[in-house]
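These numbers come from a predicted model, not from an experiment. Only this structure's heavy atoms are used, side chains among them; waters, hydrogens and symmetry mates stay out.
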Amino acid sequence: MTTPHWIFGDQLGPHFLTPAGEDGPGRGVPVVMIEARSVFRRRRFHRAKAHLVLSAMRHRAAELGGRVTYVRAETYREGLRRAVGGAPVTVCHPTSHAALRLVRSLPRVRVLPARGFLVAREEFAGWAEGRGGRLLQEDFYRWVRREHDLLMEGDHPAGGRFDHDHANREPPPAGARKLDVPGPYRPREDDIDAEVRDDLDRWEHEEGVRFVGRDGPRRFPATRREALSALRRFVEHRLASFGPYEDAMLTGDPVMSHSLLSSSLNLGLLHPAECVERAERAWRRGAVPVNSAEGFVRQVAGWREYVWQLYWHFGEDYRHVNALGHIEGLPEYFAGLDADAVTARCLATVLAQVRDTGWTHHIPRLMVLGSHALQRGWDPVAVTDWFHRCFVDGYDWVMVPNVVGMSQYADGGRMTTKPYTSGGAYIHRMSDLCDGCAYRPTERTGPRACPYAAGYWAFLHRHRRLLSGNARMRRAVQGLDRLRDLDEVLRQERRRAGEVP
């Protein structure tokens, strides 16, 4: 008899059903999909994220037609029992520790190797072995480039160097409100989206399921065809200008030249190989500069792969590390995406972007949202959960290393070599978000004191002993001794603790 294959809601691309000998489902095998209501009942997800995931799952089921058994149930266990009874099933390695525990606890479920990534876990283990714990992202990235022959010219990296960050850290063009670049791909909603929206309304009104944020119209691909269209538009019309401005921010242009492909990759609609290969082909035919191609390849083949591997390498307890001892809970304005309550223009703008779309690019996430949480001493477990729930591309494997390790420095430096936080000067230099703000990025005290400028120095003072031993932070920590108003800054920040900035 043919063994059915179970696919999760982030395993929706064709590469999850491609036969691969003993490690893959057979050609044309029956497919099981389970829509578990308990996932949305347990946590308060962004409404746009819930819509996207359900729309993508139901679109995939419609594509598979009679081949799929699609079950809407309260839990995965109930759904699998209704779908196959006690019959055996296969499933590709899930993307979270909790899901892996679940499938391993179920009788007659055979777990196949993970798919949807460039590097197998066994290959990463071989790379990591003997490195003495020095698992730097730059070393990993260079290894991946060589192993997969990405942006290489023989034994040498394209453009003579692996790292083109020197050309990819430009502030936005002076006086620009938006980048002069064609907009991203936008999908069109259909009857399945309407059904999803009706179901979400009913769940809220009748079943007590709660969401944050706003829903609609859908901005991100829910099908393989839409995802390929988004990839094609990015490479052909937006990649060329991506590199220089990938770290820049503009109030009127939240997407800049970013690809907006992270949700498609994390739903499994795209494979990372096809994304980086298209970017490389565009560079080789002279359509995009090497720094833009390299910046995108670094995000996909470098950082995304690195985060996936560290999630499993560090283990399940990693989510609970708290080297800085931060324990403050998330304030309601932040947890509820109440951007209108915030005075600081940068934070209000970015919170509104999350509220309205469930997305911002990596610099607002790291240097506005994450930096604020770090400076205020919020519990990293709560911050990680917030990012997971409130972003359309947020999954456990994505957010645990990104937030615990990088954004909140809660591992004390196992993943990154320094905390990623700054004063208001960085935000002012890389954006127009300070224009018209009630605060001044250069002022540390007084009624116009920037929450980031003052918060930065308060953070350094609070963790001076730990950070003074960090070579990359030593000069910044020494700067505390040159602040004549440090005592006033600290008194002010103690008074402002708990206030909406």
Side-chain angles (χ1 to χ4, degrees), residues 1-36 53-73 76-77 79-96 99-100 102-123 148 190 192 221-232 261 263-278 300-301 304-305 308 395 397:
M1 295 181 62
T2 302
T3 302
H5 186 69
W6 175 14
I7 59 174
F8 278 91
D10 55 359
Q11 300 176 340
L12 302 180
H15 45 284
F16 290 96
L17 293 178
T18 303
E22 295 182 358
D23 287 336
R27 190 175 304 279
V29 299
V31 175
V32 173
M33 297 181 70
I34 301 167
E35 189 179 295
V53 171
L54 293 177
S55 177
M57 290 181 67
R58 294 181 189 183
H59 275 97
R60 184 61 170 142
E63 292 168 354
L64 292 169
R67 183 180 173 189
V68 67
T69 299
Y70 192 94
V71 180
R72 301 181 187 183
Y76 286 117
R77 290 179 184 273
L80 190 63
R81 185 171 60 250
R82 285 167 49 189
V84 300
V89 298
T90 60
V91 64
C92 289
H93 192 294
T95 61
S96 73
L100 183 60
L102 169 68
V103 298
R104 284 179 171 171
S105 73
L106 295 170
R108 310 193 74 185
V109 174
R110 183 163 71 96
V111 181
L112 307 177
R115 297 190 178 190
F117 295 89
L118 295 171
V119 179
R121 288 179 59 191
E122 296 78 12
E123 293 173 342
H148 290 264
D190 57 15
I192 291 178
T223 69
R224 168 75 172 167
R225 178 174 293 182
E226 290 179 345
L228 288 172
S229 295
L231 172 60
R232 182 170 55 251
L261 296 175
S263 62
S264 298
L265 281 161
N266 295 350
L267 286 167
L269 296 172
L270 293 175
H271 193 283
E274 64 189 331
C275 295
V276 295
E277 287 167 4
R278 287 202 186 195
V300 177
R304 184 176 186 270
E305 293 287 322
W308 164 255
Y395 291 85
W397 71 268

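For E63, the side-chain hydrogen bond (donor to acceptor under 3.5 Å, both in side chains) criterion is met by R60, not counting sequence neighbours. By the side-chain contact (heavy atoms from CB on, under 4.5 Å) test, R232 pairs with S229, E236, R278, sequence neighbours left out. The salt bridge (charged side-chain N to carboxylate O under 4.0 Å, His left out) search around E35 returns R58, not counting sequence neighbours. R225 pairs by the side-chain hydrogen bond (donor to acceptor under 3.5 Å, both in side chains) definition with nothing, not counting sequence neighbours. Taking A56 as the reference, L12, A222, L267 meet the side-chain contact (heavy atoms from CB on, under 4.5 Å) condition, with sequence neighbours excluded. For T69, the side-chain contact (heavy atoms from CB on, under 4.5 Å) partners are V71, A83, not counting sequence neighbours. With sequence neighbours left out, T95 forms a side-chain contact (heavy atoms from CB on, under 4.5 Å) with D10, W308, W397. Remark: Y395 engages no residue in a side-chain hydrogen bond (donor to acceptor under 3.5 Å, both in side chains) (not counting sequence neighbours). Every residue meeting the side-chain hydrogen bond (donor to acceptor under 3.5 Å, both in side chains) condition with R224, not counting sequence neighbours, appears here in chain and number order: E274.
Tested against P4, the residues L80, V29, V68, V84 include a single side-chain contact (heavy atoms from CB on, under 4.5 Å) partner, V84.
By the 4.5 Å heavy-atom criterion applied to side chains, L100 and H93 are counted as neighbours. Between R77 and L102, the closest side-chain pair of non-hydrogen atoms falls below 4.5 Å. Looking at L265 and R304, their side chains come closer than 4.5 Å, going by heavy atoms from C-beta outward. Using a 4.5 Å heavy-atom cutoff, the side chains of P272 and E305 are in contact.
Residue pairs meeting the salt bridge (charged side-chain N to carboxylate O under 4.0 Å, His left out) criterion with at least one partner in residues 79-89, sequence neighbours excluded, are E78-R82.
Taking the centre of each ring, Y76 and F8 come in below the 6.0 Å mark.
The closest donor-acceptor contact from the side chain of R110 to the backbone of P88 lies at 3.5 Å or more, if one exists at all. The closest donor-acceptor contact from the side chain of H5 to the backbone of P25 lies at 3.5 Å or more, if one exists at all.
The CG atom of L269 sits 12.0 Å away from the CG atom of L231 when rounded to the nearest 0.5 Å. Summarising the geometry, atom CD1 belonging to I192 is positioned 6.5 Å from atom OG belonging to S55; distances are rounded to the nearest 0.5 Å.
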Would you tabulate the side-chain donor-acceptor contacts of residues 111-119 under 3.5 Å, counting partners in other chains and residues two or more places apart, or write 'none'?
from: R115; atom 1: NH1; to: H15; atom 2: O; distance (Å): 2.7
from: R115; atom 1: NH1; to: T18; atom 2: O; distance (Å): 2.8
from: R115; atom 1: NH2; to: T18; atom 2: O; distance (Å): 3.1
from: R115; atom 1: NH2; to: D23; atom 2: O; distance (Å): 3.3

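For the 3.5 Å distance criterion, the side chains of H59 and T223 fail to qualify, holding no donor opposite an acceptor.
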**Asked** So W6 and M33, side chain to side chain contact (heavy atoms under 4.5 Å, CB included) or not? Walk me through it.
**Response** CA-CA 6 Å; W6 175 14; M33 297 181 70; 6.0 Å; no
TODO: Test L17 against V31 for side chain to side chain contact (heavy atoms under 4.5 Å, CB included), laying out the working first.
DONE: CA-CA 9 Å; L17 293 178; V31 175; 4.0 Å; yes
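Looking at every heavy atom in both residues, I34 comes nearest to G79 through CD1-C, 3.7 Å.
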